[in-house]
Amino acid sequence: MTSLFAIVDGNNFYASCERVFNPELEGKPVVVLSNNDGAVIARSNEAKALGIRMGVPAFEIKDLVRKHDIQVLSSNYELYGDMSRRVVDTLLHFTPHLEVYSIDESFLDLGNFYNVNLQDYARTMKDTVRLWTGIPVAVGVAPTKTLAKVANRISKKSAKANGVLVLTDERHIEEALKRTEVGDVWGIGSRYARKLATFGITTAWQLRNVTDAFAKKHLTVVGLRTVRELRGMACIDLEMIPASKQNICTSRSFGSTLTDLGDIKGALATHTVRCATKLRAQNSCAGVLTVFLETSRFNDPSQTYFNSRTVKLDCPTSSEVELLHCAMDALRNIYREGYRYKKTGIILQDIVPDNQVQLNLLSSPNIDRDMKLMQTLDKLRDRFGHKSVRYGVQGVKEEWALKQENVSPCYTTRLEDILKVRS
DNA sequence: TCTGGGGTCCTAGGACCC
DNA sequence: TCTGGGGTCCTAGGACCC
């Protein structure tokens, strides 16, 4: 074996972030809710022990919350994002070969670390992250990313492993795969798990032993790669430099339902500005834009409405001014009176690097002026927050604003919050 | 009353071209 | 009357991830 990967992930990450700055949450069941306080997206171990499942709607656990004094928090992505950066900064002290896989997970390529004591090394990583950031993490180490994921999973469940598991020995790998359900393998979701069960395949070990032809036929080439990774053959490389996005989407449910076009415009305008800001942050322009508007999916079918409009721009752009015009036109097009709307959003597609945009005769005559304006706005928002400058159409009342009943302070990123907490 | 918000990749099938 | 076959591009749908 020549390859070696580690995956380090934060335990119950959002709940742990909250605990770092609010020690009263320690030892208590904690759940963090999605936007609009809709559903549970993170749970402390104590909350898991009470049987609270991932994704369960908040209203369904009301009784449990009262009975067990569960601490229920709105999500605070500004805080979690900053804590995530701190964890990554810490891990970079161990190796520069790091891929930020998600807000709470990083893969590390330990390529030629076979000569070090991996157990000690992984344990030191875990302890250092805890010491420097306050975040508890688990570390899985194995010859492939998929096997490292398996190791990481078991490390959290096994008291003996206590958050660190190195799987390099063939016998240990076999044992680990035999006690891993096939649906818990990275890349095998619930649909594939159900399908595999019809062939009698229920464990990761059984999946590892299917033929290549079987894997390709039933799980496509993606699944074949997973099977090979389970065999110890590294097929998925570390991606140190994040690829620029091919689609950028910004959407939110409204805090309550909206019927008025003006209010919906305000929401969509704000999403469009955010989306365009993301687009410029990766130095890209978009050639196509889609706007959608929908009622609640849980409505009575006679009161359900979904529509979208896709618009091809004359020339790819990153100008909010242009995108706002198009988005508002599209919205006017799909808006129908008489529905209670729950969500709108914008998707930017056909994304190209901004230095590859071919200007044509139809390009906005104001392109230079727009770009200077965008640069200024980006700087202002970067310094004073995204609410510091706004367009008229965004409105000021924000009828659509998120419902967030119990959001924690931004302990690490906002001066006013820091001062408030200290006093 | 209340149910998240992002992304990626692959495949099949139709349109179209020569 | 005979009515092919290969290639490309696009899209919708389905699967997955966090």
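In the text below, chain A, chain B and the rest are named by the order of the sequence lines, each starting its count at 1. Since this is a predicted model, take the numbers as computed values, not measurements.
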>> Nearest heavy atom decides the nucleotide; on that basis, is A/R252 or A/A58 closer to the 5' end of DNA chain B?
In response: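 Nearest-nucleotide comparison on DNA chain B picks A/A58.
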> For A/K278 and A/K342, take the nucleotide of DNA chain B holding the closest heavy atom to each; which residue's nucleotide lies nearer the 5' end?
Replying inline: A/K342
Categorize [X] for me: base, sugar-phosphate, or nothing, with a 4.0 angstrom heavy-atom threshold over every strand shown.
| X | result |
| --- | --- |
| A/S84 | nothing |
| A/V32 | nothing |
| A/K149 | sugar-phosphate |
| A/E60 | nothing |

Distance check needed: [N] [atom2] versus [X] [atom1], whole Å only.
| X | N | atom1 | atom2 | value |
| --- | --- | --- | --- | --- |
| A/Y192 | B/dC9 | OH | P | 15 Å |
| A/N36 | B/dG6 | CG | P | 12 Å |
| A/L207 | C/dC16 | CG | P | 12 Å |
| A/N299 | B/dT3 | CG | P | 10 Å |
| A/K403 | B/dG4 | NZ | P | 12 Å |
| A/D37 | B/dG5 | CG | C1' | 15 Å |
| A/L219 | B/dC9 | CG | P | 19 Å |
| A/D184 | C/dC16 | CG | C1' | 15 Å |

> Expressed in whole Å, how much space separates the P atoms belonging to C/dC17 and B/dT3?
Replying inline: 25 Å
> Donor-acceptor pair, A/S158 side chain versus A/I154 backbone, under 3.5 Å?
Replying inline: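 No; zero donor-acceptor contacts below 3.5 Å.
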> With under 30° as parallel and over 60° as perpendicular, where do the rings of A/F199 and A/H218 fit, or are they tilted in between?
Replying inline: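 A/F199 and A/H218: tilted rings.
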> Name the one of A/Y121, A/F113, A/W132 that satisfies ring-ring contact (aromatic ring centres under 6.0 Å, His included) with A/F94?
Replying inline: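 Looking at A/Y121, A/F113, A/W132, the match for A/F94 under the ring-ring contact (aromatic ring centres under 6.0 Å, His included) is A/Y121.
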>> For a quick test of reading the model, state the closest non-hydrogen atom pair linking A/L258 to A/W400 and the distance between them.
In response: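 Residues A/L258 and A/W400, closest heavy atoms: CD1-CB, 3.7 Å.
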Identify which nucleotide among [options] has an atom closest to any side-chain atom of [X], counting heavy atoms from C-beta outward.
| X | options | result |
| --- | --- | --- |
| A/I41 | B/dC10, B/dG4, B/dT3 | B/dG4 |
| A/T250 | B/dG4, B/dG6, C/dA15 | B/dG6 |
| A/K62 | B/dT8, B/dT1, C/dA15 | B/dT1 |
| A/W186 | B/dG4, B/dT3, C/dC18 | C/dC18 |
| A/V221 | B/dG6, B/dG4, B/dC10 | B/dC10 |
| A/K245 | B/dG7, B/dG4, C/dA15 | B/dG7 |
| A/I248 | C/dC18, B/dG7, B/dT3 | B/dG7 |
| A/S251 | C/dC18, B/dG6, C/dA15 | B/dG6 |

> For the rings on A/Y80 and A/Y14, is their centre-to-centre separation under 6.0 Å?
Replying inline: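 Yes, the ring of A/Y80 comes within the 6.0 Å limit of the ring of A/Y14, centre to centre.
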> Would the A/W186 and A/Y192 ring centres measure less than 6.0 Å apart?
Replying inline: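 A/W186 vs A/Y192: aromatic centres not under 6.0 Å.
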For [N], take OP1 and OP2 only and decide whether either is under 4.0 Å from a side-chain N or O of [X].
| X | N | result |
| --- | --- | --- |
| A/K343 | B/dG5 | yes |
| A/S253 | B/dG5 | yes |
| A/N247 | B/dT8 | yes |

> Which ranges of DNA chain B pair up as stems, where a stem means three or more consecutive Watson-Crick or G-U pairs with both distances under 3.5 Å?
Replying inline: B:5-18 with C:5-18
>> Within the 3.5 Å criterion, strictly below it, is a donor on A/T412 or A/D82 matched to an acceptor on the partner's side chain?
In response: yes
>> As an exercise, state the distance from CD1 of A/I103 to CZ of A/F13, rounded to the nearest 0.5 Å.
In response: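 With rounding to 0.5 Å, CD1 (A/I103) is 5.5 Å from CZ (A/F13).
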> Can you list the residues that meet the salt bridge (charged side-chain N to carboxylate O under 4.0 Å, His left out) rule with A/R153, with sequence neighbours excluded?
Replying inline: A/D184
> Does C/dC18 have A/Y101 stacked on its base, where the ring centres are within less than 5.5 Å and the planes differ by under 30°?
Replying inline: no
